[in-house]
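This report refers to the structure that appears directly beneath it.
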Amino acid sequence: MGDVAEDVFNSIGSDAPLDGAGSVPPVIGNPGEGFKMPTMEEFLSMLDHMEGLSDEEKEQLRAEVTQNSLRRRLQAGLSDYLVFIVMLAIMLAVFAFFGYKLYLSLTEKERKREEKLKAKQEKSKKRNDCPPLPWRPLMPMAPQATAPAAR
């Protein structure tokens, strides 16, 4: 496998040494300007037109490239789905948490309201169950002065 990649690199050829000892021509402008990544079909057609590779090496390289391409696509698709599922799970967890808190709050309010109503009913029941008290004035009456008897 490594030999095929080296053969492809060597068939392209390179006048510049890889160790950096030689001079590299200066780059003017943006080095990536105008560069377009070839599609898989374009790459495979370029592979067919390469000289210096045997038909067996071309087929082996083609098989490796297409297999790696499919694997990358599958892994990229899986990672996209994994990110989507994780984000969806986080959102559902947040909604579930706040929904649960809201449910607890509402049930607690209802329970307190029922307890208050029950206490009020018991209080009025106690008041109604007592026998009525005899009527008594709120303030004691002062003794009435009697008229002096005639002598």
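Since we're looking at a predicted model, the values are computed, not measured.
In this structure, the side chain to side chain contact (heavy atoms under 4.5 Å, CB included) partners of Leu88, at least two apart in sequence or on a different chain, are Phe84, Leu92. Judged as a salt bridge (charged side-chain N to carboxylate O under 4.0 Å, His left out), and not counting sequence neighbours, Glu56 has no contacts. Looking at residues two or more places apart in sequence or on another chain, you find no salt bridge (charged side-chain N to carboxylate O under 4.0 Å, His left out) involving Glu114. Every salt bridge (charged side-chain N to carboxylate O under 4.0 Å, His left out) that Arg111 has, sequence neighbours left out, goes to Glu108, Glu115.
Hydrophobic cluster membership for Leu102: Leu106 (Ile, Leu, Val, Met, Phe, Trp, Tyr linked by side-chain heavy atoms under 4.5 Å, directly or transitively).
Between Lys125 and Glu122 there is no salt bridge, since no side-chain N of the basic residue sits under 4.0 Å from a carboxylate O of the acidic one.
Within the 4.5 Å cutoff, the side chain of Lys120 has no heavy atoms near those of the Lys116 side chain.
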